[in-house]
Student: 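One structure, as structure tokens, below. Some questions next.
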Amino acid sequence: MNLSGCIAAGDRVATELLLAGAEHASGPFDDHRVSPSGAQAALTAYHDGGLAEAVTLLDTIDPGDPRSRDRVLLGCLASVWYRAWGDQERSVAWLRHAEAGSAGVDASLRAACHRAMALHACHRGDEPLGDEHARAAWDAAPEEHTVLLEVMTTLSRARWGIRRERFTDAAADAERAAGLSQLGGFTGLEPFALSVAAEAKARVGRLDDALMDAVRAGRLRDTAQVCHDEAYALLVLGAVHRRRRDLVQARAALEGAAKHLPAGPAALALDAAIHGELARVIVADDPALAKDHAQQAVTGAYGHGRTAALLSRAWVSLICGDVATALVDGEEARIVAAREEQAATGAEALELLALVAVDPRVAAGLFQKSRQGYGEVGDWPGEARVRAVAAAVRGATGGRSARWEVETLRQGVSLAPGVADALTVVARRTPPITVLCLGGFRVLRAGSGIAPNEWQSKKARDLLKILVSARGRPVPRPRLMELLWPGQSLAAGGSRLSVQLSTLRRVLDPDRRIQHAHLIEADRSAVGLNLDLVNVDVERFLIAASDACAAHRHGDPAAAELLAAAEAMYVGEFMSDDPYADWTQELRDEAQAAYVSVLRARVVRSGDVDEQVSCLLRILRCDSYDEEAHVELVRLLQRAGRHGEARRRYRSYARCMQEIGVAPAAPDELGDPVHEPISRGARLR
């Protein structure tokens with residue numbers, strides 16, 4: 001059997017057979033009664049019929065007396081075949097059988113036995129034991145075997161690192177294995193090493209690097225005519241494309257992977273992973289087929305692959321509206337991930353559970369833990385996605401932080417919905433029209449801004465602004481006419497209003513995908529905006545501010561997070577580009593009051609002086625005559641020993657109070673006994 005040719009073709013089983021002493025099968029055997037059904041016969045069966053034929057033969061052989069040289073060799077080889085077949089129990093049994101008889105064989109076969117045990121230890125993630133056996137094999141091994149063993153054990157460490165979600169270490173090990181393969185002349189193994197590197201890098205958000213490695217692996221396979229591990233290579237490529245949210249490329253790669261599945265029980269895990277990934281990329285086009293793939297993934301998955309399968313079914317179920325199944329699968333995935341210490345998988349489970357949580361405070365806490373999990377493994381796109389999704393759930397899609405997270409994601413991820421993940425869930429929940437009116441007026445249609453020239457009429461924009469200010473309440477038609485065309489007769493104003501309503505509907509929904517009667521609800525007497533179909537940032541802010549302040553009052557542990565999130569949503573005054581319009585004043589005052597309440601709560605909860613000072617200054621920017629904020633700011637600066645700042649802030653406070661005829665508190669009343677007091681009502685110079 002030409003094992004060198006098999007290694008050149010990327011056959012990792014043949015590589016491990018060589019390291020486990022297969023070359024000794026051509027020599028004399030000291031137990032001729034068993035050699036026809038021993039190592040030589042098994043190698044012949046593998047050469048003629050592949051892994052299935054070798055395992056079939058092994059199933060008929062009794063290990064017998066381990067002291068025979070042939071039995072030691074057969075034990076080493078059988079451990080490789082059974083592990084590749086997926087029967088770990090028999091693999092361990094044969095390896096122990098070989099180890100028991102290794103003391104009575106020559107040094108070269110003993111070295112082969114140590115190499116077989118080193119490979120097995122690394123497959124199980126026992127790196128110290130693997131290193132121990134590898135060192136024991138070095139002295140009696142040919143140099144090329146030493147390099148080859150280093151390649152294979154490093155690859156095993158990389159794959160174990162992925163299973164344990166130590167992705168950065170796994171990527172480094174896989175890259176090292178690829179380099180050693182190239183330097184040692186084992187180029188058939190390089191494509192597999194690159195695929196392992198791509199899998200690890202994709203899990204920490206290095207999506208461009210992962211794609212380069214996966215594509216390079218494919219090219220090397222084609223060039224070197226490597227015929228092994230095709231299914232795994234295409235699965236990794238499909239998974240990278242799925243994480244990039246490239247549906248077409250992902251589906252093509254995964255369907256190709258399904259056509260190249262190897263034989264044997266070991267392929268069940270690979271098959272389950274392919275079904276799970278396929279389910280997530282076809283759910284938008286064929287929900288029923290996606291459900292079938294997800295079910296097959298869960299049915300066939302075992303071990304560390306089960307959590308991935310559960311999450312696939314959970315996301316597909318959530319996209320399809322089956323919240324109950326999503327909740328059950330997500331919770332099981334969370335429990336298993338916690339038990340197995342899988343930080344990234346646990347983070348994804350928490351991300352899903354946050355999306356199905358009914359209580360906003362519970363959701364906020366789950367999102368926070370999810371971000372921490374992604375941060376633990378270094379997955380920056382995961383962190384950015386959770387922040388963007390959490391902001392969208394709170395209705396803060398127009399906030400500065402949310403916009404930054406979306407821009408961060410865009411650097412390596414398509415944001416188009418379709419993949420079964422959190423971004424698609426949120427996209428499907430988000431109303432088709434978003435109105436941003438904090439810090440300026442802007443309207444988004446399906447996530448994209450409506451250009452000024454699309455409005456056709458300033459009155460149509462003004463009409464929408466007035467309806468937004470009414471907060472979903474119907475506005476009488478005469479009131480709208482009076483605001484838009486003061487002094488006009490009702491007859492003339494009624495005709496003009498009908499035209500502007502038609503214009504507004506056309507601008508908001510040019511393709512007529514939304515039922516007009518539902519987007520803007522109008523009858524003969526009044527007109528109103530349907531807030532179920534229109535996402536208005538000030539409405540979301542008021543809800544978030546109310547929830548955050550309530551959490552603060554009740555001592556909720558999530559209050560700090562909720563307060564910070566609510567504050568980030570307030571990016572400016574309501575309708576700041578219409579500062580003198582009477583119809584904006586009521587909602588402007590309400591939003592600003594809610595913002596100030598959030599800031600006051602943050603001052604109370606924060607233990608950081610700079611943060612407290614910043615919040616108080618923002619309160620004073622909203623209302624420079626807020627005596628409570630002035631006094632607290634001066635006292636805070638005094639307690640912090642920042643006496644110069646405290647003195648300047650006191651003078652500003654005194655000046656503002658005198659402008660409105662209020663006597664300021666004396667400095668000594670604010671904890672400043674050192675500086676000379678400024679008497680009440682004294683003139684400031």
Side-chain angles (χ1 to χ4, degrees), residues 158 161-175 196-215 236-246 249-250 277 280 307-308 311 315 333-334 337 341-355 363-394 396-397 399-417 419-427 447 561 564-565 568:
I162 291 175
R163 287 197 289 272
R164 300 304 300 166
E165 299 196 347
R166 298 167 185 162
F167 302 119
T168 301
D169 292 341
D173 282 333
E175 286 182 327
V196 175
E199 182 181 3
K201 290 175 183 178
R203 295 297 301 273
V204 291
R206 296 171 58 186
L207 297 177
D208 289 341
D209 290 345
L211 184 59
M212 288 176 61
D213 283 345
V215 170
V236 169
L237 180 60
V240 172
H241 281 306
R242 192 265 297 172
R243 290 181 180 277
R244 293 172 63 90
R245 309 184 90 246
D246 186 336
Q249 297 280 8
E277 289 289 342
R280 297 183 70 160
T307 49
L311 284 173
W315 285 118
R334 182 195 66 78
E341 298 182 345
Q342 297 174 322
T345 301
E348 188 175 0
L350 291 168
E351 184 181 5
L352 181 140
L353 292 172
L355 286 169
L366 292 172
F367 279 130
Q368 182 179 17
K369 291 179 182 178
S370 176
R371 287 201 309 272
Q372 291 171 349
Y374 285 124
E376 186 177 327
V377 299
D379 185 355
W380 65 265
E383 288 186 89
R385 182 183 62 250
V386 171
R387 291 184 186 278
V389 168
V393 168
R394 294 193 309 267
T397 51
R400 287 169 296 186
S401 61
R403 289 201 299 270
W404 184 87
E405 299 298 348
V406 168
E407 290 303 319
T408 300
L409 280 171
R410 274 203 185 102
Q411 294 176 18
V413 178
S414 166
L415 298 183
V419 175
D421 63 7
L423 291 173
T424 296
V425 172
V426 168
E561 174 81 10

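Position 1 is the first residue of the sequence, and the numbers go up from there. Keep in mind that what you see is a predicted model, and the values were worked out from it rather than measured.
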Student: How long is the span from the CG atom in L207 to the NE2 atom in H241, to the nearest 0.5 Å?
Tutor: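 The distance works out to 11.0 Å.
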Student: Can you name the closest pair of heavy atoms from A214 and L237 and give their distance?
Tutor: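 Looking at all heavy atoms of both residues, the closest pair is CB-CD1, 3.8 Å.
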Student: I'd like to know if R280 and E348 make a salt bridge, using a cut-off of under 4.0 Å between side-chain N and carboxylate O.
Tutor: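 Looking at E348 together with R280, the answer is yes, because their closest N to O distance falls below 4.0 Å.
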Student: Using side chain to side chain contact (heavy atoms under 4.5 Å, CB included), reason through R203 and R243 one step at a time and then give a plain yes or no.
Tutor: CA-CA 9 Å; R203 295 297 301 273; R243 290 181 180 277; 3.0 Å; yes
Student: Consider only side-chain N and O atoms of E351 and Y374, and report whether a donor and an acceptor are under 3.5 Å apart.
Tutor: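 Side-chain D/A pair, E351 to Y374: present.
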Student: Where is the tightest heavy-atom contact between W315 and L355, given as atom of each residue plus distance?
Tutor: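 Here W315 and L355 meet closest at CZ3-CD1, 3.8 Å.
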Student: Please give me the minimum heavy-atom distance between A171 and A200, naming the atom from each residue.
Tutor: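 Reported closest heavy-atom pair: N-CB, 3.6 Å.
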Student: What distance separates R166 CZ from Q342 CD, expressed to the nearest 0.5 Å?
Tutor: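 Nearest 0.5 Å value for the CZ-CD distance: 11.0 Å.
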Student: Is any NZ, NE, NH1 or NH2 atom of the basic residue among K201 and E175 found under 4.0 Å from an Asp or Glu carboxylate oxygen of the other?
Tutor: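 Result for this pair is yes, salt bridge flagged.
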Student: Between E165 (side chain) and T345 (backbone), is there a donor-acceptor pair under 3.5 Å?
Tutor: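 It does hold such a pair.
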Student: Quick one: CD1 on I162 to CD on E199, what's the gap to the nearest 0.5 Å?
Tutor: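 That separation rounds to 4.0 Å.
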Student: I need the minimum non-hydrogen distance between A337 and T307, along with the two atoms involved.
Tutor: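 Closest approach of A337 to T307: N-CG2, 4.2 Å.
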Student: Could you measure the distance from the OG atom of S370 to the CZ atom of R385? Nearest 0.5 Å is fine.
Tutor: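 One finds 7.5 Å between OG of S370 and CZ of R385.
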Student: Between atom CD of Q372 and atom CD of E376, what is the distance when rounded to the nearest 0.5 Å?
Tutor: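 Going from the CD atom of Q372 to the CD atom of E376 covers 9.0 Å.
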Student: Before giving the answer on side chain to side chain contact (heavy atoms under 4.5 Å, CB included), spell out for L211 and V215 the whole-Å C-alpha distance, their side-chain angles and the decisive distance to 0.1 Å.
Tutor: CA-CA 6 Å; L211 184 59; V215 170; 4.0 Å; yes
Student: Taking the side chain as every heavy atom from C-beta outward, state whether V419 and L423 have any pair of such atoms under 4.5 Å apart.
Tutor: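 They are not in contact (no side-chain heavy atoms under 4.5 Å apart), so the answer is no.
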Student: Establish, from distance only, whether the side-chain atoms of R245 and T424 form a donor-acceptor pair under 3.5 Å.
Tutor: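 On atom types as modelled, these side chains qualify, holding a pair under 3.5 Å.
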Student: Atom CG of D421 and atom CG of L311: how far apart are they, to the nearest 0.5 Å?
Tutor: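 It comes to 12.0 Å.
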Student: Considering all heavy atoms of both residues, which atom of G161 and which atom of A170 are nearest to each other, and what is their separation?
Tutor: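 Minimum heavy-atom separation between G161 and A170: C-CB, 4.0 Å.
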Student: Which atom names give the shortest non-hydrogen contact between D173 and A158, and what distance separates them?
Tutor: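 Closest pair (atom of D173, atom of A158, distance): CB-CB, 3.8 Å.
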Student: Salt bridge check, E277 against R242: does any charged N sit closer than 4.0 Å to a carboxylate O?
Tutor: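 Salt bridge: yes.
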